[in-house]
Protein chains: 2
Amino acid sequence: MTHNSENFRSNCPINFVLETFGDKWTLLIVRDLMFKSKQYYGEFLKSNEKISTNILADRLQKLESSGVIKKAMDTQNKSKVLYSLTDKGKDLLPIMLEITSWSHKYDDKTNVPENFIKALSTNRASVISQTLSKLK
Amino acid sequence: MTHNSENFRSNCPINFVLETFGDKWTLLIVRDLMFKSKQYYGEFLKSNEKISTNILADRLQKLESSGVIKKAMDTQNKSKVLYSLTDKGKDLLPIMLEITSWSHKYDDKTNVPENFIKALSTNRASVISQTLSKLK
DNA sequence: CTGTATCCTTAGGGATACTG
DNA sequence: CAGTATCCCTAAGGATACAG
């Protein structure tokens, strides 16, 4: 992905991720794909944060055009579309894990399984490989 | 920080960071504090992304009330205010580093010193301690 | 220099109806 | 079920003037 003149603000790596993920919704879709094994449009709609259908469609498009996710036809059911992470999307996993750790530390309401947190601090590499192996 | 009813959407750790950092500006202030040694209002204003003064004031307030940054009077110059990261703010460093790696990998325009990237992959712990030691 | 305040415009996003 | 389309409103944010 290259910068387009529309949203280009700087050559900073922090700014670069903000151009794609600097909103309230986009990263939730990545989360659903990465940790919740969701693949279908309707499954994203059902998440707790209640994304609306027009926003979901918009973000799926943007994620696809930025190469973070890809679409495929469900071979079993032709009317269904399967969404999945590309390698670029999968590479967001370390960021997601650091976010999870930070929130777990600073938000008492954040709900993450204790054994996941423990595995993360003691055997991070295996958490990564296991998470990736579960992806569709 | 606890969730307030205003922006509460779920108990998900990913959502939790989005409630604070899910916009185009907030994380840039953290970046300036963490990597650019900026401490003054006017310095944030001068960043490449050109944040406007009302947005900057709003984000500084929100970051302070969420405990990520703190204010202090400049002892040399009473009319100046010094901003700095709290421990909670400093703990964002691993997230920032993962973001930097990802952007460096996927955006050819992203400008990060090569020796920083190399140090990050070969001696991450020392990058962390060195970055923290340079903080005001 | 460090903010506040105001005005104004645009983008984000909720609700909902509709289509294949 | 998987989206599109439309309507409408609010929040985000740019520009700029002003104040301590």
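It should be emphasised that the depicted structure is a prediction, and the values quoted were computed from it without experimental measurement. First the proteins, then the strands, lettered A, B, ... as listed; each starts at 1.
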Beyond-backbone contact of [X] with [Y], side-chain heavy atoms, under 4.5 angstrom:
X	Y	answer
B:Ser10	A:Glu49	yes
B:Met96	B:Arg31	yes
B:Phe16	B:Asn11	no
B:Leu33	B:Phe44	yes

Rounded to whole angstroms, how far apart are [atom1] on [X] and [atom2] on [N]?
X	N	atom1	atom2	value
B:Lys46	C:dG3	NZ	P	14 Å
A:Tyr40	D:dC1	OH	P	12 Å
B:Asp23	D:dA11	CG	P	15 Å
A:Tyr41	C:dT19	OH	P	17 Å
B:Lys24	C:dT10	NZ	C1'	14 Å
A:Leu45	D:dT4	CG	C1'	13 Å
B:Lys80	C:dC1	NZ	C1'	7 Å
B:Lys62	C:dG3	NZ	P	17 Å

* Are B:Tyr83 and C:dG3 close enough that a side-chain N or O sits under 4.0 Å from OP1 or OP2? -> yes
* Has B:Trp25 got a side-chain N or O lying under 4.0 Å from the OP1 or OP2 atom of D:dA12? -> no
* Asked: At what distance, to the nearest 0.5 angstrom, does CG of A:Asp23 lie from CG of B:Leu18?
  -> 7.5 Å
* Structure fact -> CE (A:Met34) and CG (A:Leu27) are apart, to the nearest 0.5 Å, by 8.5 Å
* **Step-by-step salt bridge (Lys or Arg N to Asp or Glu O under 4.0 Å) determination, A:Glu43 to A:Lys80** => CA-CA 12 Å; A:Glu43 293 180 303; A:Lys80 284 203 162 190; over 6 Å; no
* Structure fact -> Closest heavy-atom pair, B:Trp102 versus A:Phe21, reported as atoms and distance to 0.1 Å, is CH2-CE1, 3.9 Å
* Structure fact -> Note: contacts of residues 47-59 of chain A with DNA chain C (heavy atom, under 4.0 Å) are A:Ser52, A:Thr53, A:Asn54, A:Ile55, A:Arg59
* Residues within residues 29-36 of chain B bordering DNA chain C, heavy-atom distance below 4.0 Å -> none
* Asked: Is the shortest distance from a Lys or Arg side-chain nitrogen in A:Lys62 or A:Glu19 to a carboxylate oxygen in the other one below 4.0 Å?
  -> no
* To do: For the residue pair A:Ser47 and A:Lys38, confirm or rule out a side-chain donor-acceptor distance under 3.5 Å.
  => yes
* To do: Using five base pairs at each end, measure the axis-to-axis angle across the helix from C:dC1-D:dG20 to C:dG20-D:dC1 and round it to 10 degrees.
  => 40°
* For the side chain of B:Ser129 and the backbone of B:Ser126, is there at least one donor-acceptor N/O pair under 3.5 Å apart? -> yes
